[in-house]
Amino acid sequence: MKKVYLLVDCNNFFVSCERVFKPALKNKPVMVLSNNDGCVISRSNEVKKFGVPMGAPVFKYRDLIKKYNIRVFSTNFTLYGDMSNRVMETLEYFTDDLEIYSVDEAFFKLNQWTGGHLENYGRLIKTTVQKWTGIPVSIGIGSTKTLAKAANELAKKHEEFSGVLSLVNNSRTDQLLAQLAIGDVWGIGRAYRQSLPPYGLKTALDLKNAPDFFIKEKMGVMGERTVLELRGVSCVELDHGPTVRKTILTSRSFRDPLTSLSQLKKAIAKYVSRAAEKLREQGSVAGSLNVFITTSRFKKDNYYSNSANTKFLSPTSYTPTMIASALKNLEKIFKPGCLYKRAGVLLTDISSTDNIQLNFFNPYSENKKQQRLMASLDEINDRWGGDTVKSAAMGVNRIGRYNVLKKSASYTTKWLELMVVQI
DNA sequence: TCTGGGGTCCTAGGACCC
DNA sequence: TCTGGGGTCCTAGGACCC
């Protein structure tokens with residue numbers, strides 16, 4: 001009996017979502033941009049071949065986009081989130097032990113695999129997801145999560161595998177790991193990708209065979225774990241259950257920088273409201289709130305970045321309290337004359353609503369009243385959308401301007417934007 | 001002109017205690 | 001000349017992930 005992990009990863013997920021509803025885009029170069037139309041966050045294979053890296057600023061590639069007629073979309077998270085659910089629901093037909101790792105990836109574990117046609121099983125999953133949702137996926141299989149990840153990378157890179165590869169009992173494993181760059185190993189990021197090659201570690205195989213003391217010294221326990229996993233020793237279990245976040249961040253970049261305190265106040269009030277909603281959604285309260293503002297990090301002159309933290313008397317998820325303290329913090333760090341490009345709110349010291357430490361100034365009855373009020377607010381906004389009822393501090397007009405030029409329709413979540421089929 | 005928005009975990013160092 | 005030896009807790013920052 002052997003443990004086997006599968007990783008199902010959607011190919012170029014956001015681009016693939018767009019293609020489901022615009023089949024003519026198949027085999028054409030397509031990219032999807034970040035929130036503010038600033039960066040490229042999803043690229044079709046054709047765009048990858050042009051050498052556009054993940055997270056690239058769009059303005060650097062204007063000429064390329066024009067030259068190759070690349071189709072460009074603004075992000076449409078409503079659509080992608082819904083497509084993601086469809087993919088995950090499909091996977092649940094195959095296992096009741098699914099870890100949804102991100103919007104476009106899921107692990108699952110076969111506990112009693114006794115050998116046999118792992119790759120055939122993978123292909124069945126792949127074709128089913130494709131048929132039911134229209135989304136192409138790649139599948140990596142390994143005896144640890146890190147090996148499943150590596151298999152997935154290899155399956156994507158080498159056409160011979162047609163999107164499915166198992167490294168379980170695979171005699172070519174070392175040979176394949178030697179073809180995987182060290183930076184493509186799960187757990188090796190930008191910093192290690194640069195610092196490890198000078199020591200002769202250039203591929204996944206090099207890392208697998210590196211001496212323990214060296215890894216421990218250079219990379220700490222996380223590095224040790226990665227190396228053990230490459231050797232087939234499972235250190236990272238499947239992680240499921242309701243995820244209760246330990247920090248909640250809401251922040252945005254502005255297309256046109258904000259300069260006035262009053263504009264920033266509205267923005268911050270809005271982010272606090274959003275963050276508090278997320279907090280209540282997971283049944284939590286926050287002990288601390290941090291407000292930060294910053295000018296463009298790409299402009300050296302007049303760079304300014306600051307933050308201020310408040311610890312609440314007792315943990316809360318009550319929007320008015322949180323906005324009041326956030327705005328006070330904002331006033332403390334606001335410096336006139338700066339071009340603010342980004343602002344945000346970070347909630348920490350998060351705990352469950354069930355065991356709030358009450359105190360003299362936060363008697364039980366007040367607290368219950370606040371919770372009921374917030375529950376009604378959430379219900380109304382959930383039903384009628386967005387900011388049907390909102391704090392006056394957020395202002396009436398939109399704050400700043402965001403670029404949303406080429407957003408596709410919410411085909412699957414809005415009645416008014418359903419697909420129209422002509423016969 | 002123009003550079004995303006979330007999260008996690010670990011570690012080093014300072015403050016403080018006896 | 002030379003400045004204890006532990007602990008714990010907190011925070012900032014660095015590494016990673018998507």
Side-chain angles (χ1 to χ4, degrees), chain A residues 7-10 12-14 31-42 52-63 65 72-77 80-81 84 99-107 145-146 149 152-153 182-196 215-226 229 235-236 239 243-257 271 274-275 278-279 282 287-288 290 292 294-300 303 305-307 309 311 339 341-350 401-405:
Chain A
L7 173 67
V8 181
D9 191 317
C10 302
N12 316 329
F13 183 53
F14 300 164
M31 53 170 69
V32 175
L33 307 185
S34 63
N35 201 290
N36 216 11
D37 286 348
C39 299
V40 182
I41 55 169
S42 184
V52 180
M54 178 67 176
V58 183
F59 71 86
K60 284 191 182 167
Y61 293 91
R62 290 267 176 250
D63 293 343
I65 290 169
V72 181
F73 290 89
S74 297
T75 185
N76 183 348
F77 273 105
Y80 311 149
S84 173
E99 175 192 350
I100 298 175
Y101 180 68
S102 76
V103 70
D104 69 339
E105 272 175 75
F107 283 103
K145 287 171 101 176
T146 304
K149 268 278 198 184
N152 197 291
E153 283 292 322
I182 197 164
D184 289 337
V185 174
W186 195 38
I188 304 299
R190 229 182 71 234
Y192 291 141
R193 191 171 63 229
Q194 287 182 17
S195 66
L196 294 177
I215 297 301
K216 173 81 198 211
E217 190 204 312
K218 293 285 172 211
M219 308 169 69
V221 297
M222 299 298 274
E224 270 185 312
R225 206 177 288 173
T226 297
E229 285 243 320
C235 307
V236 190
D239 175 15
T243 39
V244 175
R245 311 203 178 294
K246 295 168 182 171
T247 62
I248 290 175
L249 174 71
T250 303
S251 73
R252 290 289 178 279
S253 298
F254 313 112
R255 194 194 67 172
D256 303 321
Y271 305 153
R274 215 43 90 240
K278 293 188 212 166
L279 190 63
Q282 65 169 33
S288 311
N290 191 274
F292 62 87
T294 169
T295 60
S296 172
R297 65 182 199 279
F298 299 98
K299 300 221 165 68
K300 292 277 179 291
Y303 177 76
S305 172
N306 207 347
S307 68
N309 199 68
K311 262 196 156 49
L339 300 169
K341 188 69 184 165
R342 197 165 98 93
V345 174
L346 178 68
L347 305 180
T348 56
D349 295 338
I350 288 174
R401 276 186 296 173
Y402 300 95
N403 268 345
V404 183
L405 301 174

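Just so you know, these numbers come straight off a predicted model, no measurement behind them. All values below come from the heavy atoms of this structure, side chains included, with hydrogens, waters and symmetry mates left out. Within every chain, numbering begins at 1; the chains are lettered A, B, ... in the order of the sequence lines, protein sequences first and strands thereafter.
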Novice: What is the nucleic acid contact for A:Lys218, judged by heavy atoms within less than 4.0 Å: base, sugar-phosphate only, or nothing?
Specialist: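 The residue A:Lys218 makes no contact with any strand.
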Novice: Just N and O in the side chain of A:Thr250: are any of them under 4.0 Å from OP1 or OP2 of B:dG5?
Specialist: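 So the side chain of A:Thr250 is outside the cut-off, no N or O lying under 4.0 Å from OP1 or OP2 of B:dG5.
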Novice: If you measure from the Lys or Arg side-chain nitrogens to the Asp or Glu carboxylate oxygens, is any gap between A:Glu99 and A:Lys145 under 4.0 Å?
Specialist: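 Salt bridge between A:Glu99 and A:Lys145, a charged N being under 4.0 Å from a carboxylate O: yes.
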Novice: Verify the distance criterion only: is there a donor paired with an acceptor across the side chains of A:Thr250 and A:Lys278 at less than 3.5 Å?
Specialist: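 Result is yes, a qualifying pair exists.
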Novice: What's the CD1-C1' distance between A:Ile41 and B:dT3, to the nearest Å?
Specialist: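 The answer, rounded to whole Å, is 13 Å.
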Novice: Pick out the pairs of N or O atoms, protein on one side and nucleotides 14-18 of chain C on the other, that lie under 3.5 Å.
Specialist:
residue	atom	partner	partner atom	Å
C:dC16	OP1	A:Gly189	N	2.8
C:dC16	OP1	A:Gly189	O	3.2
C:dC16	OP1	A:Ala191	N	3.4
C:dC16	OP1	A:Tyr192	N	3.0
C:dC16	OP2	A:Arg190	N	3.4
C:dC16	OP2	A:Ala191	N	3.1
C:dC16	O5'	A:Gly189	N	3.4
C:dC17	OP1	A:Gly187	N	2.9
C:dC17	OP1	A:Ile188	N	3.3
C:dC17	OP1	A:Ile188	O	3.3
C:dC17	O3'	A:Trp186	NE1	3.4
C:dC18	OP1	A:Lys149	NZ	2.6
C:dC18	O3'	A:Asp104	OD1	3.2
C:dC18	O3'	A:Glu105	OE2	2.9

Novice: My understanding is that a pair needs two contacts under 3.5 Å, Watson-Crick or G-U wobble. By that rule, which nucleotide pairs with C:dG13?
Specialist: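 Matched C:dG13 with B:dC10 under the 3.5 Å cut-off.
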Novice: B:dC9, B:dG4, B:dG5: which one has an atom nearest the side-chain heavy atoms of A:Ser34?
Specialist: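 Minimum distance to the A:Ser34 side chain belongs to B:dG4.
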Novice: Going through the distances and angles, do A:Ser253 and A:Asn36 end up as a side chain to side chain donor-acceptor pair (under 3.5 Å)?
Specialist: CA-CA 7 Å; A:Ser253 298; A:Asn36 216 11; 5.6 Å; no
Novice: Once you round it to whole Å, what is the distance between P of B:dT8 and CG of A:Leu346?
Specialist: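 Distance, rounded to whole Å: 10 Å.
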Novice: Could you tell me how far apart A:Lys246 (NZ) and B:dG7 (C1') are, to the nearest whole angstrom?
Specialist: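 The distance from NZ of A:Lys246 to C1' of B:dG7 comes to 11 Å, rounded to the nearest Å.
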Novice: Determine whether the aromatic ring centres of residues A:Phe14 and A:Phe77 are separated by less than 6.0 angstrom.
Specialist: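 They qualify: ring centres under 6.0 Å apart.
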Novice: For A:Ile248 and B:dG7, give me the distance from atom CD1 to atom P, rounded to whole Å.
Specialist: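 Atom-to-atom, A:Ile248 to B:dG7, this comes out as 6 Å.
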Novice: Mind checking whether A:Phe107 and A:Trp186 have ring centres under 6.0 Å apart?
Specialist: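 Yes; A:Trp186 has its ring centre under 6.0 Å from that of A:Phe107.
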Novice: Between the side chains of A:Asp37 and A:Ser74, does any donor sit under 3.5 Å from an acceptor?
Specialist: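 Result is yes, a qualifying pair exists.
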Novice: Between A:Glu105 and A:Lys149, does any side-chain N to carboxylate O distance fall below 4.0 Å?
Specialist: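 Yes, A:Glu105 and A:Lys149 are salt-bridged.
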Novice: For a quick test of reading the model: is some side-chain N or O of A:Ser253 closer than 4.0 Å to OP1 or OP2 of B:dG5?
Specialist: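 Yes, because at least one side-chain N or O of A:Ser253 sits under 4.0 Å from OP1 or OP2 of B:dG5.
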Novice: A:Phe292 has an atom CZ; how far is it from atom P of B:dG4, in whole Å?
Specialist: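 Nearest whole value for this atom pair: 12 Å.
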Novice: If the cut-off is 4.0 Å, is A:Arg245 near the phosphate of B:dC9, judged by side-chain N/O to OP1 or OP2?
Specialist: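 False: A:Arg245 side-chain N/O out of range (4.0 Å or more) of B:dC9 OP1/OP2.
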Novice: Taking only the side-chain nitrogens and oxygens of A:Lys341, find out if one of them lies under 4.0 Å from OP1 or OP2 of B:dT3.
Specialist: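 Looking at the OP1 and OP2 atoms of B:dT3, one of them is under 4.0 Å from a side-chain N or O of A:Lys341.
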Novice: What is the distance, to the nearest angstrom, from the CZ atom on A:Arg255 to the P atom on B:dT1?
Specialist: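 Between P of B:dT1 and CZ of A:Arg255: 14 Å.
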Novice: Nearest whole angstrom, please: distance from the C1' of B:dT3 to the CG of A:Asp37.
Specialist: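 From A:Asp37 CG to B:dT3 C1': 12 Å.
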Novice: Mind calculating the distance between CD (A:Glu99) and C1' (B:dG7) to the nearest angstrom?
Specialist: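 Taking CD of A:Glu99 and C1' of B:dG7, I get 14 Å after rounding.
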